[in-house]
Amino acid sequence: MSTENEGTSEGVPVPPAPPVPPTPVDARAAQAHPEHQAPDGGSPTTPLPPVPPNVPGAAQGHGSSQYPAHGGGDRGGYGEPAGHTAQGGHGAQNQPQAGSPSGVSSPPDASWPPPPASGTPSYDGGAGHGAGGWGSSYQQPPAPKKGGRRGRLIATVLLAALVAGGLGGGLGYTLAKNNDSNGSTTVSSSTSGGNVKRDPGTVAGVAAQALPSTVTIEAESSSGEGGTGTGFVFDTQGHIVTNNHVVADAVDGGKVVVTFPDGKKYDGEVVGNAQGYDVAVIKLRNAPSNLKPLTLGDSDKVAVGDSTIAIGAPFGLSNTVTTGIISAKNRPVASSDGAGSQASYMSALQTDASINPGNSGGPLLDAQGNVIGINSAIQSTSNGGFGTGQAGSIGLGFAIPINQAEYVAQELIKTGKPVYAKIGASVSLEEGTGGAKITEQGAAGSEAVDPDGPADQAGLRPGDVITELDDRVIDSGPTLIGEIWTHKPGDEVTLTYERDGKEQTTELTLGSRVGDS
């Protein structure tokens, strides 16, 4: 309730009483021009003083029709704007008086005010007129009594407002409750978000199970260079699997720090790395006893269109979960860390789950939460993102199949060195040869086909172009290398090749090579 309209009369100057009764004027003219000149050019007409509310012919609204309701008296219009006139009140000035023309007030009688009628309270010295009628000397009205009628009125209004507020609130609650049970279209959940059970097959359920076993890795060389990547718990002995390019800087005298989602950090050491496979294994120092390895799936059974979930630390944002599908299988990929190291080759799982720098080494999961690959590489535009010069995801991510990565990791844990399958022949890495062409000469002047090696025993010669390995089409040397490395030494494969324009096939048992040299 605005205090401007509360209507207190204390401190408001009272106009002096006129010496003679005012000249009757038209009420509407006086209303529009309270100081209008007399028709004969004489003195301006003196404004009519307020008319007491209890005299005959007085307006019954929230103030006089001629005076702004600046205070409004005890019956001031609560909630009306400051300075608002009674013309905007409850229509008192336009109500016709008894015996007068419509809309015109009767002029006051010279003997006004009349004597009080029996049983009617007399008017107590209003502004501009005393008990002796018009022209009487001005008498200061008595000061309002404390706790008088106005105080009682305000207190009553406040009390009424409180009571009305309480009744309104109770009524609103009752109506809302009745509406909820009588046809309301609003549907309320019986459980809050914190109590909802995430089923194992949902993304939230998979993330809840896998996140505690996915770690962020910071690797640093002895000179202070390094970066951030991802890894996951491989076994209960504290082995963490990741990409080789994540920890390559820390292999020789560097430092590795592994951080779990709960914030706990552990120092680690690289126990083995395979540059060709782009796989590495870290062993935690003082590993906790409650490690939970992620379940490994079967990447050979993955189908195009299967759901995927990737977890990692893209651009350093740890514990990030993204989703997608398997976009393709057996995608030949040759990747490098851009630091001049030798390339890595894989027959990759392609996914459109968002993978960015920092996701490297993290798990690619299926819809049941099984690891089906290790996120390793992305195809991207040349534009950098997120305030760095590194490019971001455009929906073409590649993961090392877990069947291959599991074998490599186990070898690294056992011996610290990788073991590669091989055919014993050098092939060209150039594109456009229509397959994997065996070169005329090997590296550093060696023979292109190892004497008595697997390729030699299978009858292959320099110049032959290998076009298939089992049922896989081979379109280049990198594709052949990637397919060979999905196998283990000792596996038998069927090679299809072209020699002098004729297609031939041969059986070959894969040999082995230890180490990256």
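Remember, it's a predicted structure, so these values are computed and weren't measured experimentally. Atoms considered below: every heavy atom in the structure, side chains included; atoms not considered: hydrogens, waters and symmetry mates.
- Here the side chains of Pro478 and Leu429 are in contact, with some heavy-atom distance below 4.5 Å.
- Side chains of Ser222 and Asp252 form no contact here, defined as non-hydrogen atoms less than 4.5 Å apart.
- Under a cut-off of 6.0 angstrom, the local environment of CZ in Arg499 is crowded, with over 12 non-hydrogen atoms contributed by other residues, nucleotides or ligands.
- No more than 12 heavy atoms of other residues, nucleotides or ligands shown are found within 6.0 angstrom of CD on Glu225.
- Side chain to side chain, Thr308 and Thr351 meet the donor-acceptor criterion of an N or O pair below 3.5 Å.
- The closest side-chain heavy-atom distance from Val271 to Leu412 is not below 4.5 Å.
- Contact between Ile355 and Ala310 at its shortest, heavy atoms only, is CG1-CB, 4.5 Å.
- For Thr509, the side chain to side chain contact (heavy atoms under 4.5 Å, CB included) criterion is met by Glu492, not counting sequence neighbours.
- Among the candidates Thr496, Thr506, Leu460, the single residue satisfying the side-chain contact (heavy atoms from CB on, under 4.5 Å) test with Ile466 is Leu460.
- The side-chain heavy atoms of Asp516 and Pro418, taken from C-beta on, include a pair separated by under 4.5 Å.
- No side-chain heavy atom of Phe234 sits under 4.5 Å from any side-chain heavy atom of Val371.
- Counting non-hydrogen atoms of neighbouring residues, nucleotides and ligands closer than 6.0 angstrom, the CD atom of Gln237 exceeds 12 such neighbours.
- The side-chain heavy atoms of Lys329 and Val304, taken from C-beta on, include a pair separated by under 4.5 Å.
- To the nearest 0.5 Å, atoms NE2 (His239) and NZ (Lys283) are separated by 4.5 Å.
- Annotation for Asn375 and Pro363: closest pair ND2-O, 3.3 Å, computed over non-hydrogen atoms.
- When the options Leu469, Thr505, Ile474 are evaluated for a side-chain contact (heavy atoms from CB on, under 4.5 Å) with Leu495, the one that passes is Leu469.
- Under the rule for a ring-ring contact (aromatic ring centres under 6.0 Å, His included), the partners of Tyr420 that lie at least two apart in sequence or sit in another chain are Tyr277, Trp485.
- The neighbour count for Gln379 CD, taken as heavy atoms of other residues, nucleotides or ligands under 6.0 Å away, does not exceed 12.
- Looking at every heavy atom in both residues, Ser347 comes nearest to Asn330 through OG-CA, 3.1 Å.
- Among all heavy-atom pairs drawn from Ser344 and Gln275, the shortest one is OG-O, 2.6 Å.
- Under 3.5 Å, the side chains of Asn403 and Asp300 contain a donor-acceptor pair of N or O atoms.
- Note that CG of Asp267 is 11.0 Å distant from CD1 of Ile282, once rounded to the nearest 0.5 Å.
- Glu483 has its side chain out of reach of Val493: every pair of non-hydrogen atoms, C-beta onward, lies at least 4.5 Å apart.
- Here OG1 of Thr322 is found 8.0 Å from CG of Asn356. Values are rounded to the nearest 0.5 Å.
- Asp366 is not listed as a side-chain neighbour of Asp306, based on a closest heavy-atom distance of 4.5 Å or more.
- Heavy atoms from other residues, nucleotides or ligands lying under 6.0 Å from CG of Asp262 number more than 12.
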Check the pair Thr216, Ser318 against side chain to side chain donor-acceptor pair (under 3.5 Å), reporting the backbone distance first and the verdict last.
CA-CA 6 Å; Thr216 301; Ser318 301; 3.0 Å; yes

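- The two residues Thr214 and Pro261 make their nearest non-hydrogen contact at O-CD, 3.3 Å.
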